[in-house]
Each structure stands twice: as C-alpha cells, then as structure tokens.
Amino acid sequence: MHCGATWSNDRADKLARRLPRLQPPCYDCRGPPGDLVKLIQNYVDGRFVPGKREFADVNPADGTVIAQVTEADDAQVDEAVHAARRALRGEWGRLGVRERAARLHRVADAIEKRFECFVQAEVGDTGKPVSLASKLDVPRAAANFRVFADLVKMAGLESFQTETPDGTNALNYAVRKPLGVVGVITPWNLPLLLLTWKVAPALACGNAVVVKPSEETPATTTLLAEAMQDAGIPNGVYNVVHGFGPGSAGEFLTKHPDVDAVTFTGESTTGAAIMKSVAPTVKPVSFELGGKNAAVVFADCNFEEAVNGLAEAVFLNTGQVCLCTERIYVERKIFSAFVEALKQKAESLHSGWPNDAKTDLGPLISAQHREKVLSYYRLAREEGATVVTGGGVPKLGDNRDNGFYVQPTIYTGLPESARCVKEEIFGPVCHITPFDSEEEAIAMANDTKYGLAASIWTGNLKRGHRVAHQMNVGITWVNCWFLRDLRTPFGGAGISGIGREGGMHSLNFYSELNNVCIRL
Ligand code: NAD
C-alpha cells in the first residue's frame, strides 16, 4: 500500500514498527486518564475550554459513544477568531521565515512523539484499520509540516525590471505576506491528514487558523493542539472550534467578518453553501470537493498490476477517499476476466475490528452515511444492475454488527446515465463498464460534472500520455494510484474544487502578494 507521502515513508515505517499497539488515547484534552467517556473540548487562545452544549463522538466499529464533544457557539467562534487576530499581532507575526519553519518541524516531531496516541485517536473516531492510520494518516500529518516548512524557506517570487514612459526604469518585486486569519473546515474521511495539509502551509506563510473539524472526527484535530503547545507555537495561532455546519460552528466561522480566507474540504454541495456564506465578505476560498473518479483499463495493461491497483483504488478506507475509483472502464477483450479477478479481490477482504492488524476494511463513518451507501446499493438494483458481489450488510457475529459495516460491492450492466454511475456514493463500491475504443473510453470517463482524479492502465506509454492529457481532472495516474509528491498541484476540475493545493500552490493561496514597484 502506498503511504501517500514521499518524504517520510521510511521514518514513519520505522516508528510504526517500534511503537506498541493498542495503547489507550493518552491526551490531556480528553480529561483524566481512565475516564471511559471523555470530553473533547474547544481549544481557544492556548486553552481547552468547555461550552454550553455537547454532542456524542461515536466509534463506527460498534456504535459505542467514546467521547462527548463540546459544541462551540457563535461567541466561542468569535473568541477564537479574535485570539487568532491577536496572535498575528504578537510574537507569531514577528517571527522570520526560518524560525517559523523550525517550529513547524517541531510540530512534526511532536506528532511523531505522540504517534500511537494519534493513531488510536484516529482509529477510534473513524474505525479505519490501524495499519492504514499508522502507514498513511499519521505519517502524512508529520510529513505535511516538514514539507511546507522546507518549501517556505526556499520560496522565491518573481521580479521584473520595467521601462517607464520617460525612458527610465522601475524595479518590480513581490513580497509575501500572510492572509491573516484562515478558517479551516475539514471532513471525516482522512481527518488529520487533510487538516494538516491545510494548517501546515497556512502556518508556514505566517497565518493564524481557526479550525472546525468534522463533527464525526473531533479527536486528532484536538490532539494536534497539544503538539502545537509542545512545539512552541504561540497561543492563538491554532484554535479549534467543534460543531456542525449550518447554524453551528461551521457556518459561524465562514460568515465571520474577521476571517480573511476559508479553506474547505468536503462535499461539493457544502462547498456551494460555503460560497454563499463567504460572498458578502468576499473571502478567498480554496475548495477540495467530491469526485466520481474513473479508471480506464486497456487490454495491453499488466493485468495483475491493474487488478491489484484498482482493488486498492476502490476499497481503501472502505471507499471513503475522495480519490477512490467508483467507475471502471475495461476494454471488452479482458472485461470478463477483469470483473472476475476484482470480484475475487473484493471477496478476500477482511472486515475486521479496526485494531486487528489483519483488517482490510473498516466500517463506514456513521449510521447516516451507511444508510446513504445502502440506499445506492438498493438504487443500483432498481436501475437494473447486475450484482457481481456484495450489495448488503455483512453478518459479523459480534458487536461489529452494531457498527456501520457494509459489504464491498461491484456492479455491472448499468447504462452510463444511471444515477449510481453519475453520483458520488463514497463507499466500497464500483461499477464496471466494457469499452471498444480509446475514444469511447475517454468520452465515458469524462462524462461527469466532477473532475478530481482518473487512472489509466496500459502497457503503451504513448497511449498513457495521450489519454492522460485528455482527462478533465486535476490528477491522472498512469499504472498507479494515490502516489503523491506533496510538491505537486492537487485539486479538482468541475464541481470537484476551486484552486490547487500542494507545494507552491498552497503557499500562494495562503499568502497575500504585495508587488512593490520602485522607480530607479
Ligand atoms: P461535508 O461537506 O458533509 O462536511 C465537511 C465539513 O464541512 C464538516 O466539518 C462539516 O461540519 C462542515 N460543514 C457542513 N456544512 C457546512 C456549512 N454549511 N458551512 C460550514 N461548514 C459546513 O463532507 P464530509 O461528508 O465530511 O466528507 C465527505 C466528502 O468530502 C465527499 O464528498 C468527499 O469526496 C469529499 N472529500 C474531498 C477531498 C478532496 O481533496 N477533494 C478530500 C476528502 C473528502
């Protein structure tokens, strides 16, 4: 399995091997050790603070409540935004780039020091397999801080010498300044990875942040506050407000007049709601939204590599990765063999307890999300699909039956116009369609409002390039999936997003560039 980070895999692997398994969460923000149901609080101006209302944090593996979470009201969101503004005027605002970068490396160190706490907090909230959290989510969080700390030190800006009308010269050069207070809103599928993907470049550029994690996964965002404290990040630079979207902390944050920019990852419809909410105060937005990603498998591919790669692309994190493949187009000559091979892969996956090292598939995130995925399983049948495998709920024979597991599922036989082929399901499911020509495959892959990612599987390198260039998406993989170099642009076309993150693209979003023009 790919780690998803290119710069710290070895280190993360060594850490994952050295650390013991099954430690209880050990972080202070959950109250005294030994409490069965802990309280996850807001984090404002360097302090964990309770609120007036609480909601439950549920373990999706067995449906038990593992913590209560403090919901921030509008006054607490306001306090967090003001704390962030004060931090910009204090020590944080005066730090040079080198010192900021050094502190971000210390945040990465602090994450690695608490590696197992982060893993267990992420596993408890999401139900994802411990192997995935240890190899992907937590190492990538540390890598995000290291990459942006190093990049910001090297980031240059253009300068131009310009002739003036009277024949003299002027020198133009740009300076990079922070945007100010950035509102960060994150989803539940890769909570820590996607949070740090935004917070690291925002802090690298000198901003202060107020973060609203998903109501489903509050733990690691809160735990990161302790890593920030360990690393000497001044109070008010990193604030956390918990709650929901509309009429709650999410909306209070996006509407706040003193928030200078909003960075959001989540559903396309939520992105549309946030656009409305930021419109009156004209805030810049960076949006990473949904997808209905296609894979195109040519008969000349390395068959085994394609089957293994796409099994991962469909089922990783129980299909709850924005980059997961839900549509597979296979050249007719190998269609039946491919469907049979992917079926065998799906049926070999083990839906275990998250902390079992042998588990491949965890539960879905919530009862509500499971109902959504199951409604598509029912719809596929109504639309006339052939069920190759799955399509229901597994019987697991213990408390996992109170959790939110579904079977990995493969369909064939639907027309391209079917809702199950058009709409994002966000579960362990795909539909496979045969094709006869390259042009037909490209047309079907591009026939979507989304435009996040695609993968192409072929032994013909020229074809790989040719088809990749025609994909209307932000990322195209050829003979691989989910390989990421964090310096490269990441984002979506169509309703899959606005803007690009990654490398300099992130640094440019989180900076205000001021062009200085000097007459020489
Ligand atoms: P979601 O849009 O329901 O929620 C995301 C966050 O937005 C949560 O914190 C939620 O509380 C908040 N929110 C909801 N309504 C809001 C509002 N009106 N104002 C402010 N905040 C609001 O998404 P989700 O269900 O948590 O995540 C799954 C979705 O995220 C899928 O569509 C998936 O494709 C997408 N996603 C995209 C990427 C990417 O990089 N493109 C990555 C991961 C997930």
Side-chain angles (χ1 to χ4, degrees), residues 60-61 126-129 132 189 290-295 297 306-330 335-352 354 359-397 400-401 403-434 444-445 448 450 453 455 481-482:
T126 61
K128 68 177 61 192
L132 186 60
N189 62 327
K292 186 75 181 175
N293 308 307
V297 185
V307 171
N308 290 340
L310 285 169
E312 193 183 6
V314 175
F315 301 118
L316 185 77
N317 206 33
T318 317
Q320 301 167 115
V321 178
C322 55
L323 301 167
C324 275
T325 303
E326 290 193 4
R327 297 180 294 142
I328 305 182
Y329 298 97
V330 181
F335 179 77
S336 303
F338 182 89
V339 171
E340 179 54 31
L342 198 67
K343 172 180 186 273
Q344 280 176 23
K345 281 270 163 198
E347 290 175 356
S348 72
L349 295 172
H350 175 52
S351 292
T359 295
D360 303 302
L361 272 190
L364 294 172
I365 190 68
S366 63
Q368 191 190 4
H369 187 55
R370 180 165 75 166
E371 187 38 44
K372 176 185 161 185
V373 172
L374 290 176
S375 76
Y376 278 102
Y377 284 10
R378 289 191 293 272
L379 179 66
R381 285 194 173 88
E382 285 160 31
E383 289 185 312
T386 301
V387 184
V388 175
T389 187
V393 173
K395 282 273 160 288
L396 299 166
R400 282 171 297 164
D401 289 330
F404 314 127
Y405 288 81
V406 292
Q407 290 173 326
T409 295
I410 300 173
Y411 295 116
T412 56
L414 287 174
E416 285 302 291
S417 57
R419 280 182 55 203
C420 288
V421 180
K422 286 278 169 273
E423 297 173 13
E424 183 185 45
I425 301 173
F426 219 53
V429 54
C430 69
H431 180 264
I432 315 181
T433 307
M444 288 194 290
T448 170
Y450 290 102
S455 67
W481 178 76
F482 210 33

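Only a predicted model underlies this, so the values are computations on that prediction, with no experimental measurement involved.
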In Å, rounded to the nearest 0.5 Å, how long is the span from NZ of K345 to CG of N308? 4.0 Å
C430 vs V314 side-chain heavy atoms within contact, under 4.5 Å: yes
Electrostatic pair K292:E424 at N-O distance under 4.0 angstrom: no
Using modelled atom types and a 3.5 Å cut-off, is there a donor and acceptor pairing between side-chain atoms of E347 and backbone atoms of T389? no
Take K422 and E326 through the salt bridge (Lys or Arg N to Asp or Glu O under 4.0 Å) test and state the conclusion after the steps. CA-CA 9 Å; K422 286 278 169 273; E326 290 193 4; over 6 Å; no
Using atom types as modelled and distance alone, determine if a side-chain donor or acceptor of R400 lies under 3.5 Å from a backbone N or O of Y405. no
Taking E312 for its side chain and W481 for its backbone only, find out whether a donor-acceptor pair lies under 3.5 Å. no
Contacts of type side chain to side chain donor-acceptor pair (under 3.5 Å), residue R381, not counting sequence neighbours: none
Closer than 3.5 angstrom, by distance alone: can the side chain of S455 be matched with the main-chain N or O of A295 as a donor-acceptor pair? no
Once you round to the nearest 0.5 Å, how far does CD1 of I328 lie from CZ of F335? 10.0 Å
What one should report as the nearest heavy-atom pair of T325 and A294 is CG2-C, 4.2 Å
Answer whether the closest heavy-atom distance between the side chains of R419 and Y376 falls below 4.5 Å. yes
How many angstroms lie between CG in L361 and NE2 in H350, if you round to the nearest 0.5 Å? 10.0 Å
Nearest 0.5 Å, what's the SG-CD1 distance between C324 and I425? 12.0 Å
Show every donor-acceptor pair shorter than 3.5 Å between a side-chain atom in residues 337-344 and any protein atom, with sequence neighbours excluded, or say none if there are none.
unit_1	atom_1	unit_2	atom_2	d
E340	OE2	Q344	NE2	3.0

Return the minimal non-hydrogen interatomic distance between R327 and V421, and the atom names on each side. CD-O, 3.3 Å
Under a 3.5 Å distance rule, please check whether H369 uses its side chain to pair with a backbone N or O of F426 as donor and acceptor. yes
Nearest non-hydrogen partners of N189 and K128, listed with the distance: O-NZ, 3.0 Å
Throw together a table of side-chain donor-acceptor distances under 3.5 angstrom for residues 409-416, partners on residues two or more places apart or in other chains.
unit_1	atom_1	unit_2	atom_2	d
T409	OG1	Y377	OH	3.2
T409	OG1	G391	N	2.7
T409	OG1	Q407	O	2.8
Y411	OH	Y377	O	3.4
E416	OE1	Y329	OH	2.6
E416	OE2	T433	OG1	3.3

Where is the tightest heavy-atom contact between N293 and L323, given as atom of each residue plus distance? ND2-C, 3.3 Å
Which atom names give the shortest non-hydrogen contact between P363 and G127, and what distance separates them? CD-O, 3.1 Å
Looking at S348 and D360, what are the two nearest heavy atoms and their distance? O-OD2, 4.1 Å
So, does Q320 use its side chain to make a donor-acceptor pair with the main chain of L364 at under 3.5 Å? no
To the closest 0.5 Å, what do you measure between CD1 (I365) and CG (N317)? 8.5 Å
